[in-house]
Amino acid sequence: MANAQADGQWYPPEWPELIRALASGDLTPAVPRRAATVMLLKDTGDGPAVHMLRRRTSMAFAGGAYAYPGGGVDPRDDDRHVRWAGPARAWWAERLGVDEAGAQAIVCAAVRETYEEAGVLLAGPTPDTVVGDTTGEDWEADRAALVARETSFAEFLDRRGLVLRSDLLGAWTRWITPEFEPRRYDTWFFVAALPEGQRTRNASTEADHTVWITPRDAAAGYDRGELLMMPPTIATLRRLTAYETAAEALDAAPSRDLTPVLATARLVEGEIVLSWPGHDEFTKRIPTGGAPA
């Protein structure tokens with residue numbers, strides 16, 4: 001179970017030991033898995049709200065923390081043809097900093113995970129439409145097959161005759177799990193608006209609670225120590241507070257810097273200093289034999 005600081009920052013108790021092992025050369029960093037997560041937005045009278053889920057406390061990674069729908073890339077989505085609407089794969093490859101096959105797989109992961117964990121599908125029968133309600137038994141059977149990895153997302157889209165709506169996504173930021181963490185992810189964060197006619201539900205086996213909440217209220221809950229979050233989550237929430245509508249946030253996405261944010265750990269005067277470049281609020285000083293400060 002992770003420790004919570006005075007604010008709501010998720011902080012695993014094993015990190016100091018892992019950081020020391022990395023510094024001494026006793027720990028070889030794991031290769032990060034590609035992943036995608038989506039900040040799903042909808043407009044309210046108080047501005048845009050974001051869909052968040054609370055990870056079960058039993059989860060090995062970030063148990064009890066609030067997060068967005070997301071997960072790892074399925075390699076099967078790299079090279080299979082997908083009906084595609086919106087910017088071309090070459091545009092996405094340049095935007096995400098990967099090759100075209102990788103770009104397709106990352107965008108597929110973003111759309112798939114939103115469907116798997118929130119029941120919302122950013123795809124439609126034509127390039128300018130989106131499916132309606134996806135809560136029927138046949139849709140649920142397909143969703144369960146995706147979760148079990150019995151079928152790939154590309155296969156699901158093909159069988160349903162659906163077009164992936166990449167134009168409904170905006171790439172927002174990219175974070176890489178620190179080198180000392182055994183479960184590492186290279187994660188692209190996207191924004192999207194809840195399509196008309198669809199509704200979210202807690203479809204994730206990894207979450208025990210979901211909520212629509214304004215970024216301002218979520219950040220305030222974090223600052224009070226009431227909502228536990230990892231640094232990328234609260235960092236993105238703070239950036240979202242600047243926008244009055246979901247459309248504004250989506251319009252801002254193409255100009256967002258996608259340089260990866262990777263934590264660094266260094267030894268300074270008997271302390272390990274853990275920092276995330278560009279995000280000073282997360283800096284932690286860890287005595288070589290003690291807990292973080």
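These values consider heavy atoms only, across backbone and side chains, with no hydrogens, waters or symmetry-generated copies.
Between Asp158 and Arg83 there is a salt bridge, since at least one side-chain N of the basic residue sits less than 4.0 Å from a carboxylate O of the acidic one. Remark: Asp138 engages Arg160 in a salt bridge, criterion side-chain N to carboxylate O under 4.0 Å. Asp186 and Arg174 are joined by a salt bridge, as a carboxylate oxygen and a charged side-chain nitrogen come within less than 4.0 angstrom of each other. Comment: Asp223 engages Arg238 in a salt bridge, judged by a side-chain N to carboxylate O separation of less than 4.0 angstrom. Between Glu117 and Arg112 there is no salt bridge, since no side-chain nitrogen of the basic residue lies less than 4.0 Å from a carboxylate oxygen of the acidic one.
Contacts of Glu155 classified as side chain to side chain contact (heavy atoms under 4.5 Å, CB included), with partners at least two apart in sequence or in another chain: Arg80, Thr151, Ser152. Looking at residues two or more places apart in sequence or on another chain, you find a side chain to side chain contact (heavy atoms under 4.5 Å, CB included) between Pro87 and Trp91, Trp92, Ser166, Asp167. Looking at residues two or more places apart in sequence or on another chain, you find a ring pair (Phe, Tyr, Trp, His ring centres under 6.0 Å) between Phe153 and Phe156.
Considering all non-hydrogen atoms of both residues, Pro277 and Val261 come closest at O-CG1, 4.0 Å.
A donor-acceptor pair is defined here as one N or O able to donate and one able to accept, closer than 3.5 Å; such a pair exists between the side chain of Thr177 and the backbone of Tyr185. Side-chain atoms of Asp43 come within 3.5 Å of backbone atoms of Ala246 as a donor-acceptor pair (strictly under, hydrogens ignored).
His279 and Trp175 have tilted rings, their planes meeting at an angle from 30° to 60° on a 0 to 90° scale.
Side-chain contact check for Arg239 versus Met39: every heavy-atom pair is 4.5 Å or farther apart.
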